Amino acid sequence: MNSGFALQFVGDCGRGKTTRLLAIADRFPGASYVYLPEDGPTPAIAAGRPLLIDEAQRLPRRVRNAVFANGAPLVLATHRDLTRPLRRHGYHVQTQQIGQGNDAALIERLLNARIEASRLGPGPTPRVTSNDAKRLSDRFGSDIRAVEFFLYEQVQTQVMTDGEVRFID
């Protein structure tokens with residue numbers, strides 16, 4: 001990534017901003033990832049190319065100005081559009097609104113990929129059907145995190161009670 005370039009993912013909680021940051025971090029060996037907690041002190045911001053900042057809306061102004069003045073390529077996950085301060089520091093900014101594309105088809109694809117990734121060995125795994133995904137989308141909208149939390153609770157309850165996994169009853 002070039003200096004002076006910022007990519008920001010803007011969206012509500014649970015829509016996939018962090019997932020995108022972590023996928024980018026995996027593809028760039030020189031990347032640095034930092035998560036800014038809601039409470040507590042701001043962690044040290046390591047140098048990285050690119051520098052990935054999760055919850056960037058939490059950057060204190062002084063720290064934000066120092067980071068943006070560096071000119072390093074940035075990838076931000078944020079709930080608030082940071083285009084204006086980025087441009088003031090000379091950045092070319094690309095913004096992606098995250099969440100609008102989180103439809104039933106995406107939910108089905110994501111969940112089945114995550115189930116496959118958590119496989120412990122050979123054999124069949126449960127699958128989220130198109131119908132399941134549609135019902136989850138109708139219930140939770142674009143909030144992938146809420147879908148995953150709901151399914152986690154469903155699976156845990158079923159394993160403890162009858163040993164059979166059904167995603168939606």
Side-chain angles (χ1 to χ4, degrees), residues 1 6-28 31-40 42-43 45 48 50-60 64 74-86 93-169:
M1 298 187 102
L7 171 60
Q8 63 175 347
F9 298 117
V10 179
D12 292 332
C13 294
R15 294 336 191 254
K17 297 179 304 296
T18 298
T19 299
R20 285 169 172 81
L21 282 186
L22 295 174
I24 291 169
D26 281 347
R27 287 170 178 76
F28 287 89
S32 293
Y33 170 87
V34 64
Y35 172 80
L36 302 174
E38 190 169 357
D39 298 319
T42 302
I45 309 291
L51 173 57
L52 303 114
I53 303 175
D54 201 350
E55 301 291 350
Q57 78 281 353
R58 296 179 183 159
L59 277 169
R64 184 182 73 197
L74 298 172
V75 183
L76 309 174
T78 178
H79 299 273
R80 188 168 43 90
D81 188 335
L82 298 171
T83 298
R84 287 181 54 197
L86 285 162
V93 181
Q94 182 179 349
T95 300
Q96 290 186 10
Q97 296 293 326
I98 304 300
Q100 294 107 340
N102 294 359
D103 59 7
L106 179 67
I107 290 170
E108 180 182 0
R109 224 172 35 252
L110 286 175
L111 293 175
N112 284 322
R114 289 180 182 186
I115 291 167
E116 183 61 31
S118 65
R119 173 189 290 277
L120 297 176
T125 59
R127 302 271 312 156
V128 174
T129 66
S130 296
N131 187 45
D132 292 338
K134 171 76 170 94
R135 290 173 66 192
L136 290 165
S137 178
D138 289 347
R139 182 170 179 177
F140 297 102
S142 63
D143 190 345
I144 302 296
R145 185 178 300 145
V147 168
E148 290 176 333
F149 181 78
F150 170 77
L151 291 179
Y152 176 82
E153 293 297 318
Q154 289 287 108
V155 169
Q156 291 301 310
T157 299
Q158 291 170 20
V159 167
M160 298 305 279
T161 59
D162 59 15
E164 181 184 345
V165 175
R166 294 173 317 282
F167 291 117
I168 306 288
D169 281 331

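Note that the structure is predicted; figures quoted are calculated from it, not measured. Positions are given from 1, in the same order as the sequence printed here.
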(request) Identify the two heavy atoms, one from Ala104 and one from Ala133, that lie closest to each other, and give their separation to 0.1 Å. (result)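 Taking every non-hydrogen atom into account, O-CB, 3.3 Å.
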(request) Using the test side chain to side chain donor-acceptor pair (under 3.5 Å), find all partners of Ser137 that sit at least two apart in sequence or belong to another chain. (result)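 Ser137 satisfies side chain to side chain donor-acceptor pair (under 3.5 Å) with no other residue.
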(message) Which residues pass the ring-ring contact (aromatic ring centres under 6.0 Å, His included) test with Tyr33, not counting sequence neighbours?
(response) none
Kindly write out the residues that satisfy salt bridge (charged side-chain N to carboxylate O under 4.0 Å, His left out) with [X], not counting sequence neighbours, or none if the list is empty.
X	answer
Asp138	Lys134
Arg84	none
Glu153	none

Any ring pair (Phe, Tyr, Trp, His ring centres under 6.0 Å) pairs touching [range], not counting sequence neighbours?
range	result
residues 108-136	none
residues 101-123	none
residues 110-139	none
residues 111-136	none

(message) Test: salt bridge (charged side-chain N to carboxylate O under 4.0 Å, His left out). Region: residues 10-20. Which pairs qualify, not counting sequence neighbours?
(response) Arg15-Asp143
(message) Regarding Asp81 and Thr83, do their side chains bring together a donor and an acceptor under 3.5 Å, going by distance alone?
(response) yes
(message) The criterion is side chain to side chain contact (heavy atoms under 4.5 Å, CB included); which residues satisfy it with Leu51, sequence neighbours excluded?
(response)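 Leu51: side chain to side chain contact (heavy atoms under 4.5 Å, CB included) contacts with Ser32, Ile45, Ile53, Val67, Leu74.
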(request) Scan residues 95-106 for pairs that pass side-chain hydrogen bond (donor to acceptor under 3.5 Å, both in side chains), counting only residues two or more places apart or in two chains. (result)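 Of all non-adjacent pairs touching residues 95-106, those that pass side-chain hydrogen bond (donor to acceptor under 3.5 Å, both in side chains) are Gln8-Thr95.
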(request) Please say whether more than 12 non-hydrogen atoms of neighbouring residues, nucleotides or ligands are located less than 6.0 Å from OH in Tyr35. (result)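 Check passes, neighbour count above 12.
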